[in-house]
Amino acid sequence: MKKAIALSIVAAFATPAIAMAQGDKNSEIRLAKLEEIVVTAEKQQPAGYQPDAATAALLAEIEKAK
Amino acid sequence: MGSVLDTAPRLSKFTFDGEPFAVAEDFAPWAALTAQSQPDQSILDACMNDKEACVVPSLVRFRRMIELARELAPHQQLSLVHHYFNGTEWTSDTRDTWSTPYHTAFTKMGDCEDIALAKYQTLRSLGWPADRLRVVIGWDGEEKDWHAWLAVRDEGQVYLLDSINGLQRPSAYSYARFVYSISDQGVWDHAPNYVPAGKKADQRMVPERAARIAATEGQHNKGVLR
C-alpha cells in the first residue's frame, strides 16, 4: 500500500516534468526551424524620400554634427 | 507542409496579443546578438559620455541623434529613430548575422533585420519598454523575399516600421505575411503550421537581387571593427 502511494506521488510529480520536457523539446525544434529563415529583402528608402517636416529638420541637424 | 502564403497570417492583422512560446535567449541569432551587444555597448557608452570617444563621424551623428531624441515626446522620438536608421545603406548578409545597433550605427550599412533591430535597441535605450516593441519576421509578397519590420505600440495604436517610408499602420501591409516575432520578452510563433523548407525557404529571389547580394557580400565587414 505504502509502495503504491509512493509510486502515485512520484507519478504526480513526474508527469508534468515529462510534459514540460516534451514542451521544451518541441520549442527547441520549432526555434531551429525558424532559424532557417534567412532575411534578405532589399528594401531601402527611395532617394529623395522626405519624412515629416519636424523629423526632417532634426535629421538635417544630425547631419551637421561633427 | 504549406507555403508561407497559405499558412501564415497577413501582416495587416498583426497584434501584440498572445504569449511567447520560447525565451529569446534560446533563439540562436538573438543569443549571438546579445553576446556581441555587451562589448559593443561599452564602446557606444564611451561615445555617449564623451564625444571625443566617438571614433568615426557616423558615431558622432548617432550620438547627436540620441541627444535630440531624449528631448522629444515619445511619438516624435519614434519618428526620429525610424527615419534615422532608414538612412542606412542596404547591404545583404547571406550569413544572416544579426547586427548590433552599434555595428549598424557605425557602418550605416545593413539589411532589413539589422535596421529593425537597431531601431528596437535604440528605442529600448531611450526607455521604451520591451512589451511595446517587437521585431517581426515575415514574407514580403511584393519583394518575394523574407523581410523584417519593427512593430511598435504607441498611444494605443500599433505601427509597423519598415526600412522604407514613414510610420505605417498594419493595414498597409496586406501584401505581407508574418511568421514569428521576437523581443527581450520572448519569441512568438504566429504561423505554427508553417514549416520552413530549409535555408532560403520559400525564397524565389529574382536573379538581379541574387547578383547584388553576391556583390555586397564582401562589403559587409568593410570598415567594421569585427
Side-chain angles (χ1 to χ4, degrees), chain A, chain B residues 21-23 26-29 51 57 60-65 67-69 72 76 79-80 82-84 86-90 92-96 111-113 137 140 142-148 162-166 179-180 187 189 192 195-203 205 209 212-213:
Chain A
M1 181 66 179
K2 278 182 184 172
K3 195 174 178 183
I5 292 169
L7 279 173
S8 64
I9 291 169
V10 169
F13 281 99
T15 306
I18 291 166
M20 198 178 291
Q22 187 59 46
D24 289 348
K25 182 79 179 163
N26 291 342
S27 294
E28 278 178 34
I29 292 168
R30 185 61 180 159
L31 285 172
K33 292 307 290 181
L34 293 177
E35 284 167 14
E36 291 179 4
I37 295 173
V38 178
V39 182
T40 54
E42 180 183 350
K43 292 198 92 170
Q44 189 167 3
Q45 194 97 275
Y49 171 81
Q50 279 293 316
D52 61 277
T55 303
L58 292 168
L59 291 172
E61 189 172 337
I62 291 165
E63 278 305 305
K64 285 187 271 180
K66 285 188 168 54
Chain B
F21 79 100
V23 296
D26 286 346
F27 194 63
K51 195 168 87 171
V60 176
R61 289 192 285 273
F62 177 77
R63 181 180 192 274
R64 183 68 181 133
M65 187 271 288
E67 281 178 346
L68 292 169
L72 299 174
Q76 289 175 292
S79 179
L80 181 59
H82 172 58
H83 286 100
Y84 178 80
N86 277 11
T88 302
E89 184 184 343
W90 181 84
S92 182
D93 174 6
T94 52
R95 291 168 298 125
D96 205 32
D111 62 6
C112 51
E113 90 274 1
I137 306 294
D140 186 318
E142 286 186 340
E143 287 288 310
K144 291 191 168 35
D145 204 349
W146 290 97
H147 194 32
D162 203 344
S163 50
I164 59 169
N165 301 327
V179 173
Y180 73 93
V187 187
D189 187 1
V195 181
K199 297 287 179 190
K200 305 278 181 185
D202 260 342
Q203 193 161 326
M205 191 183 289
R209 187 183 307 138
R212 276 195 296 276
I213 287 175

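Residue numbering restarts at 1 for every chain, and letters A, B, ... go by the order of the sequence lines. When reading the values below, keep in mind they use all heavy atoms of this one structure, side chains included, and skip hydrogens, waters and symmetry mates.
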To the nearest 0.5 Å, tell me how far [X] [atom1] sits from [Y] [atom2].
X	Y	atom1	atom2	value
B/F27	A/R30	CZ	CZ	10.0 Å
B/D140	B/C112	CG	SG	8.5 Å
B/D189	B/F21	CG	CZ	5.0 Å
B/H147	B/D162	NE2	CG	3.5 Å

Where on [X] is there a heavy atom nearer than 4.5 Å to chain A: the side chain, the backbone, both, or neither?
X	answer
B/L80	both
B/D26	both
B/A22	side chain
B/N86	both
B/Y84	both

*asked:* Counting heavy-atom pairs closer than 4.5 Å to chain A, which one of B/G87, B/A28, B/A69 comes out on top?
replied: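 Going by pairs under 4.5 Å, I would pick B/A28.
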*Determine the option with the most heavy-atom pairs under 4.5 angstrom with chain A, choosing from B/L72, B/N165, B/V187.*
B/N165
*What part of A/E63 is in contact with chain B, defined as an atom under 4.5 angstrom from a non-hydrogen atom: side chain, backbone, both or neither?*
both
*What heavy-atom pair brings B/E113 and A/V39 nearest, and what distance separates the two atoms?*
OE1-O, 3.4 Å
*Top residue by heavy-atom pair count (under 4.5 Å) with chain B, among A/A54, A/A56, A/P51?*
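The residue among A/A54, A/A56, A/P51 with the greatest pair count is A/P51.
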_Test: salt bridge (charged side-chain N to carboxylate O under 4.0 Å, His left out). Region: residues 49-61 of chain A. Which pairs qualify, not counting sequence neighbours?_
A/E61-B/R64
*asked:* A side-chain contact here means heavy atoms from C-beta on lying under 4.5 Å apart; do A/V38 and B/W146 qualify?
replied: no
